[in-house]
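Down below is the structure, laid out as structure tokens.
Proteins get letters first, then strands, A, B, ... in listed order; numbering begins at 1 in each.
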Number of protein chains: 4
Amino acid sequence: MSKVAIIGVGHVGAQVAADMVLRGTASELVLIDKNDKKALAEYYDLTDQQALTREQTVVTTVPYTQNWDTLADCDVIVVAAGNIELTRQDGADRLAELPNSAQIVRDIVPKIKASGFDGIVINITNPCDVVATYLQQQIGLYTNQVIGTGTTLDTARMKRAVSTFFKCNMADVSGFVLGEHGETQFTAWSTVAVAGVPITHAAESSNIKLEDLKEEARLGGWHIMAGKGFTSNGIGLTATVLTEAVLNDMRQAFPLSAYDAEKQIYIGQVTRIGKKGVLTHVDVKLTPDEQAAFDASAAAIQHNFSLI
Amino acid sequence: MSKVAIIGVGHVGAQVAADMVLRGTASELVLIDKNDKKALAEYYDLTDQQALTREQTVVTTVPYTQNWDTLADCDVIVVAAGNIELTRQDGADRLAELPNSAQIVRDIVPKIKASGFDGIVINITNPCDVVATYLQQQIGLYTNQVIGTGTTLDTARMKRAVSTFFKCNMADVSGFVLGEHGETQFTAWSTVAVAGVPITHAAESSNIKLEDLKEEARLGGWHIMAGKGFTSNGIGLTATVLTEAVLNDMRQAFPLSAYDAEKQIYIGQVTRIGKKGVLTHVDVKLTPDEQAAFDASAAAIQHNFSLI
Amino acid sequence: MSKVAIIGVGHVGAQVAADMVLRGTASELVLIDKNDKKALAEYYDLTDQQALTREQTVVTTVPYTQNWDTLADCDVIVVAAGNIELTRQDGADRLAELPNSAQIVRDIVPKIKASGFDGIVINITNPCDVVATYLQQQIGLYTNQVIGTGTTLDTARMKRAVSTFFKCNMADVSGFVLGEHGETQFTAWSTVAVAGVPITHAAESSNIKLEDLKEEARLGGWHIMAGKGFTSNGIGLTATVLTEAVLNDMRQAFPLSAYDAEKQIYIGQVTRIGKKGVLTHVDVKLTPDEQAAFDASAAAIQHNFSLI
Amino acid sequence: MSKVAIIGVGHVGAQVAADMVLRGTASELVLIDKNDKKALAEYYDLTDQQALTREQTVVTTVPYTQNWDTLADCDVIVVAAGNIELTRQDGADRLAELPNSAQIVRDIVPKIKASGFDGIVINITNPCDVVATYLQQQIGLYTNQVIGTGTTLDTARMKRAVSTFFKCNMADVSGFVLGEHGETQFTAWSTVAVAGVPITHAAESSNIKLEDLKEEARLGGWHIMAGKGFTSNGIGLTATVLTEAVLNDMRQAFPLSAYDAEKQIYIGQVTRIGKKGVLTHVDVKLTPDEQAAFDASAAAIQHNFSLI
């Protein structure tokens, strides 16, 4: 029996729930939202859906009572609360969500603590790295018990852009986008390969510039925001896959947001996870330029964290 | 190679697309929307997602050009265009969408016909039975080539309500909701059983009234509309499962909306489908009361169809 | 984290393991066989396989040491030990395996008890009902903690035969084969329906005799034994699906072998299971003839049990 | 609608069939074996199994008539005929199967040609590279239409060995085993990485010798043969995954056996496949030592081919 709670079932949290139910990720799934009616709506819609497939997951919600005690025996809590509208305002980026997100952390942490929860927290709420840092600090769990989805989504976008150019399946593309899940992120091109061929080599023979691929990856996210006002599918499956890695002790590495003891903040880095949360950081060899980009990105997160 | 097109990627069409990609329903999926940016956004979000799973489905869209020629070799077209806002207005039901939906049919049918498409159409657009009738009439495909999702979703809701009361898995509940996907639908209780025990028998020993179960099923849909303003997960998987039944020639029966030669409209009835669309109507034995309810529901659809 | 052990990885146990790994049934799977080399071979073959899919299940084995302590924290033990060769001898049926199977029970029960295991046992070893009875008696777990695969497989064969005749998907066929997983089993035709139409009704209009369908179902099993010398796929997925119903607390009903307090043996009956094992027996209404067949089948199992 | 035929349903072919049915790889699956009873047995066992899951694939066989015309409209033929017993004899390796396998090719090719089949052939029969070469030559299809499973299985074994040592998920291991699916194969260590870290680097810091990892990979295969007398799960999923890559036009690269125009034989190399079969060879940069190993392996295959 595995039990997962999703806090916040807006566009993103609802998609995480839908993915988990379709994949049978957990045997029990708890939906919590400050808007009880929204959680109840998702509960009903998801259970309707299950009549058409295998009902492997029991979906529950805690409407009306807001009784958070059910978190006590959860294996994983996915934090998906937030207000994407703040990002969509002209000229705003994920950082615009910070004050609201920080307030959310202050609201939910006492309830999580009161429940006696001692599992793994996976944060989606933006700005992801700063909020993960704040969540871990406030909630008092060990740093290995709290992670953020980080640049796992950005890595997916890089793979999409690269595979589109090379007309290949995304499974053929390996490598990582690292740093902040935000403006200062960078693609560690030295880690990227297409079917085992380093992209620096592949790009040479094909006259594509890496910067163009990066731009194409970035534009994808922009198109999604422009067209639907939020992103849901990519981030939804990101959180789902990380949850499965924890629940099944998969010992798999992702470019997720994890605590950096030296920088004292959370930041996107290659991290292997399992049932205890973070197992180890993978010491990917970066070029000096990439390392500088990582340091700059960490500094940006540190700065943003100081704004709380 | 199987190819599916979804026309209209609002809340419902986008969820159909997400389900199909997660399940690997088709090898190619085409997204079309009158709002090119919306289709493009879903295309990018879904392909981001695929980098985290197996990229088994090639997702494409036809933005900017609105070149519908790609429908020519589609096996299935899912029609999910519509405007749910019209249903949400005070006192409105699915019928409130009729004028807009009829206009949509008039808009898209010439484009579908021009493409030379000769596969199966699965209609979701509400009012489902009336629109399916109109689509078939306008598009000129054989009646077995056009179906509507009909009361398959309502049947799922009935199963949810029944299984909740009997504390059992929804797979233990068999039986059908039939008639209009709308107010005049009815549960054919004589067909409903729980793990092989007729519900009329099971209900007796448990002091539950069938009308209460029906009300609970109906309330579920109401809660979804009230909480999120639309329904997506249940209807999304309904269309997905029907599409898979066609693509894989599954010869499986569903309470979907199919043409009734006697009533000369589409209506929810137990219908077996495969790669040719409708294979046969299943002659479920209804009680006289149920038959009367079916006839009344058919009359309501006929009346609504006359309003176009 | 869910943990399942399979005792005996011959043709059947190996297929159970393969199905569980492909479906991600459990997060840990332990393979045990009296022949260490066989368990080790399956361990290696299954992990090779996992490199080509998602490695969601950790497969382990206890070779050389035969250290059964690992059973202590298992959620489910599948007992698949046995010697199918004994059934294949001329004129023999599943009963021919009894002396050998009883010895297996006497061999493994002390080891299971010594481990402190307190989960659910799912027995496949034939004769299934007698061995389940003996296992429960010897191991001292509550009767709800021990089940046998029983007539779930025979029900699958009935569905295959019926769906073949009616040219429909097996999902359209509901109903149960009950009684002994052996010669005295019977199809409770009063429970069988095709897309909601009672088969007694459907058969009338199609000139098929129910006895012919029963014979066709039986012949299927015979063809399998004749052609490959054992059966594996049907029984493998049977055990897998029952295990999933337990691990995910699915509260789903199956015609499995469960303890009958009145008859004091295990016998195939409609039984709802979840994480505690048996939740309830479903009181399917049998015709007088069917009830007589059930009683006769129970008497046969009682007799066979007395032979141990 | 996709249609796949498996020729030869011994241990390997039967596992390919089981995997394809469980995964819903194709909408129709044809089983052919020189022993009609074996094919019929697998047909019945697999359809029994389907009653317990979604019957998405129609399984058929051509017993008694040996009417191979059904191959005409197949998308993929998997050749899994052979006699593993020949490999198991003392001191024998896969080459011992050559005379028997060559005879199989001569037996089946006229039947395949007579059917008018024009899809993709995936060869498993050993010695894999030689038989693939012979099959392509005899059958007269374009070289891009014929592939062998090649070193995809050996690569899986390498990943298993490496991930076991580094205590990580196999998904964290990238890289290839290349050359002959036989004694002269080699691991292209320059392509192997663990979560993006080149194994040459990772091995340094962990005091593991690459030769030990290679030996561990090799021993796995040996343990399987020693314990069960054949291998089935790893090779079964290999063929299944390659088939899915073709059916869904996945444009994914595998270290499979493909035609080398220069060497004029089939050999394990990184090859991207889709619905047309081979799309492109991926020009993985090998070290001089690896290139020499590849050339030597090619020479071995050439020599063996000359023995037919």
Side-chain angles (χ1 to χ4, degrees), chain A residues 52-54 56 155 159 163-178 187-202 204-206 241-242 244-246 248-256 269-274 279-286 290, chain D residues 52-54 56 155 159 163-178 187-202 204-206 241-242 244-246 248-256 269-274 279-286 290:
Chain A
L52 293 146
T53 176
R54 285 185 93 225
Q56 209 169 345
T155 299
K159 290 185 178 180
S163 70
T164 301
F165 179 78
F166 286 98
K167 294 184 176 47
C168 69
N169 197 288
M170 285 183 273
D172 282 359
V173 184
S174 54
F176 308 107
V177 174
L178 301 173
T187 302
W189 290 115
S190 72
T191 68
V192 179
V194 181
V197 179
I199 192 152
T200 45
H201 179 73
E204 261 172 49
S205 43
S206 61
V241 164
L242 296 181
E244 292 173 356
V246 170
N248 295 299
D249 197 22
M250 285 173 70
R251 302 154 297 123
Q252 190 172 349
F254 299 90
L256 51 80
Q269 54 186 308
V270 185
T271 305
R272 187 166 288 128
I273 57 174
L279 299 179
T280 185
H281 298 289
V282 177
D283 191 19
V284 177
K285 206 89 188 166
L286 299 179
E290 290 166 353
Chain D
L52 293 146
T53 178
R54 284 185 93 225
Q56 209 168 345
T155 299
K159 290 184 179 181
S163 70
T164 301
F165 179 78
F166 287 97
K167 293 185 174 48
C168 70
N169 197 288
M170 284 182 276
D172 283 359
V173 184
S174 55
F176 307 106
V177 174
L178 300 173
T187 303
W189 290 115
S190 71
T191 67
V192 179
V194 182
V197 178
I199 193 152
T200 45
H201 179 72
E204 261 172 47
S205 45
S206 62
V241 164
L242 296 182
E244 293 173 356
V246 170
N248 295 298
D249 196 22
M250 287 173 69
R251 302 155 295 122
Q252 189 172 350
F254 300 89
L256 51 79
Q269 54 186 309
V270 185
T271 304
R272 187 165 288 128
I273 57 174
L279 299 178
T280 184
H281 298 289
V282 178
D283 191 20
V284 177
K285 206 88 187 167
L286 298 180
E290 290 166 353

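Considering only heavy-atom pairs separated by less than 4.5 Å from chain A, the leading option among D/A171, D/A188, D/C168, D/P198 is D/C168. In terms of non-hydrogen atom pairs under 4.5 Å with chain A, the most contact-rich of D/V270, D/N169, D/V282 is D/N169.
Evaluation of the salt bridge (charged side-chain N to carboxylate O under 4.0 Å, His left out) test over residues 164-178 of chain A, restricted to residues two or more places apart or in two chains, returns A/D172-D/R272.
Listed for the A/T155 side chain is a donor-acceptor partner under 3.5 Å among the backbone atoms of A/V177. In this structure a side-chain-to-backbone donor-acceptor pair under 3.5 Å is present from A/E290 to A/S190.
Residues satisfying the side-chain contact (heavy atoms from CB on, under 4.5 Å) criterion with D/S174, sequence neighbours excluded, are D/A193.
Only the side chain of A/V197 comes within less than 4.5 Å of a heavy atom in chain D; its backbone stays farther off. With a threshold of 4.5 angstrom between heavy atoms, A/D283 approaches chain D through N, CA, C or O but not through any side-chain atom. Neither the backbone nor the side chain of A/F254 has a heavy atom closer than 4.5 Å to any heavy atom of chain D.
Taking 4.5 Å as the limit, some side-chain heavy atom of D/I273 sits within range of a side-chain heavy atom of D/L256.
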